[in-house]
Amino acid sequence: VEFIPVLEDSGLIIPVGKWILKNALAMCRECQQIRPDFKISVNVSYIQILKSQILEEIIRSIEDADVQPESVITELTESGHVENNVVIQELWDKLKEYGVYIALDDFGTGYSSLNHIRELPIDVIKIDRCFVVDIGKDDYSEVFVKMVSELADTIGVRMCVEGVEKGEQLDKLRQMKVQYIQGFYFN
C-alpha cells in the first residue's frame, strides 16, 4: 500500500519489477522441482506497462528460468487497467497468446466495471481483502463476494479471495465455493 506507490512515483518500479520477475521465476523453477504443477503470481505495475518493455521482460524471464508460460500468472490492479485500456488489452492479448495466465487484482476497489471481465482475457478475478474483513458481519461484503463468485463460475473465470486471516472467513468462503483463497491464515 505504501511501498509500491513510492516505487511507481520514483520510477524505481521498473528495475525493481524486473528484479522481482527474474527472482520470482527462478523461485518458481525451484518449487517445481518438488511440485511440478506449481504456479507463481507476479504483480505488474501499470508504470511498467507504460514505460518499459514488460512483455519482452516477462518472456525473457520465463525462458531464462526454464519454466512453462502456464506456470506464470501476471496480476494487474484494476485501477491501473482503467486508465489505459488499449495498452493493457494489447499486452494481455500477447501474454495470453504466449500462454501466461492473467489475473485482475484488487477487483471491487477501483472503478469496478464488469466490462473489464468481458473485454480482457482474464483467467482469474482477485477480490480485494476489504470485502473479506467483514464477511460474517457485513451483509454487503458477503453478498458481493458471493455474486462475483457466481459470475466467475458462470463465465468460466477462476476467482481468488485475498486477505483471509480467520477461520470464520475461510468457512464462509468455502460455503460460497470460492475456488482460491489467499491470506495470512495459511502461514
Side-chain angles (χ1 to χ4, degrees), residues 1-29 38-132 144 148 151-152 155-163 180 182-183:
V1 174
E2 295 174 20
F3 188 70
I4 300 299
V6 170
L7 288 174
E8 288 176 339
D9 290 344
S10 68
L12 289 174
I13 193 70
I14 294 171
V16 170
K18 189 185 279 190
W19 181 86
I20 289 171
L21 183 62
K22 177 184 174 192
N23 285 283
L25 295 182
M27 176 64 72
C28 179
R29 180 71 185 137
F38 183 84
K39 295 181 183 345
I40 195 152
S41 291
V42 179
N43 286 68
V44 176
S45 164
Y46 70 97
I47 300 292
Q48 289 172 276
I49 294 168
L50 296 177
K51 297 185 177 181
S52 76
Q53 300 296 316
I54 191 66
L55 177 65
E56 291 79 8
E57 290 171 15
I58 291 170
I59 291 171
R60 188 176 327 107
S61 296
I62 287 171
E63 291 171 354
D64 289 350
D66 194 27
V67 297
Q68 295 299 311
E70 308 76 52
S71 301
V72 180
I73 303 166
T74 56
E75 299 185 18
L76 182 70
T77 59
E78 181 184 28
S79 58
H81 161 266
V82 170
E83 298 168 12
N84 302 290
N85 190 356
V86 176
V87 175
I88 303 295
Q89 178 78 45
E90 186 177 304
L91 172 66
W92 284 16
D93 285 343
K94 289 178 181 175
L95 287 172
K96 286 292 288 184
E97 285 175 28
Y98 189 67
V100 173
Y101 287 100
I102 308 295
L104 183 59
D105 198 12
D106 299 336
F107 186 78
T109 59
Y111 300 97
S112 288
S113 170
L114 296 177
N115 202 35
H116 298 165
I117 298 168
R118 184 176 67 101
E119 287 186 350
L120 293 173
I122 297 169
D123 297 297
V124 181
I125 299 169
K126 296 187 76 178
I127 302 293
D128 189 76
R129 68 175 304 280
C130 69
F131 294 100
V132 176
F144 180 83
V148 176
L151 172 66
I155 63 174
V157 174
R158 295 176 189 102
M159 187 176 96
C160 177
V161 177
E162 301 175 304
Y180 300 101
Q182 174 182 329

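Put simply, CD on Glu56 and CD1 on Ile58 are 9.5 Å apart, with the number rounded to the nearest 0.5 Å. To the nearest 0.5 angstrom, Lys22 atom NZ is 13.5 Å from Met27 atom CE. Asp105 contributes atom CG, which lies 5.0 Å from atom CG of Asn43 (distance to the nearest 0.5 angstrom). Rounding to the nearest 0.5 angstrom, the gap separating the CD1 atom in Ile73 from the CD1 atom in Ile102 is 10.0 Å. The CD1 atom of Ile54 lies 7.5 Å from the CG atom of Leu91; values are rounded to the nearest 0.5 Å. For the atom pair CD1 of Ile20 and CD1 of Ile13, the computed distance is 6.5 Å after rounding to the nearest 0.5 Å.
At least one side-chain heavy atom of Ile62 sits less than 4.5 Å from a side-chain heavy atom of Val100.
Not counting sequence neighbours, Lys39 has no partner by the salt bridge (charged side-chain N to carboxylate O under 4.0 Å, His left out) test. In this view, Lys51 satisfies the side-chain hydrogen bond (donor to acceptor under 3.5 Å, both in side chains) rule with no residue, not counting sequence neighbours. Taking the side-chain hydrogen bond (donor to acceptor under 3.5 Å, both in side chains) definition, one finds that Asp128 meets it with nothing, sequence neighbours left out. Considering only residues two or more places apart in sequence or on other chains, Arg129 meets the salt bridge (charged side-chain N to carboxylate O under 4.0 Å, His left out) condition with Glu165. Scored by the side-chain hydrogen bond (donor to acceptor under 3.5 Å, both in side chains) test, Lys96 finds Asp123 as partners (sequence neighbours excluded). Partners of Phe131 according to the ring pair (Phe, Tyr, Trp, His ring centres under 6.0 Å) rule, which considers only residues two or more places apart in sequence or in another chain, are Phe144.
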side-chain contact (heavy atoms from CB on, under 4.5 Å) between Leu25 and Asp64, worked out | CA-CA 9 Å; Leu25 295 182; Asp64 289 350; over 6 Å; no
Stepwise side-chain contact (heavy atoms from CB on, under 4.5 Å) check, Lys18 with Ile14 = CA-CA 6 Å; Lys18 189 185 279 190; Ile14 294 171; 5.6 Å; no
Check against side-chain contact (heavy atoms from CB on, under 4.5 Å), Val42 and Thr74 = CA-CA 5 Å; Val42 179; Thr74 56; 5.5 Å; no
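When all heavy atoms are compared, the tightest approach of Trp92 to Ala103 is CH2-O, 3.9 Å. Here the closest heavy-atom approach between residue Ile40 and residue Cys28 is recorded as CG2-CB, 3.7 Å. For the residue pair Glu162 and Val132, the shortest heavy atom distance occurs at O-CG2, 3.1 Å. Looking at every heavy atom in both residues, Gln48 comes nearest to Gly17 through NE2-CA, 3.4 Å. Closest approach of Ala152 and Ile125 over heavy atoms only: CB-CD1, 4.3 Å. Looking at every heavy atom in both residues, Glu70 comes nearest to Tyr101 through O-CE1, 3.0 Å.
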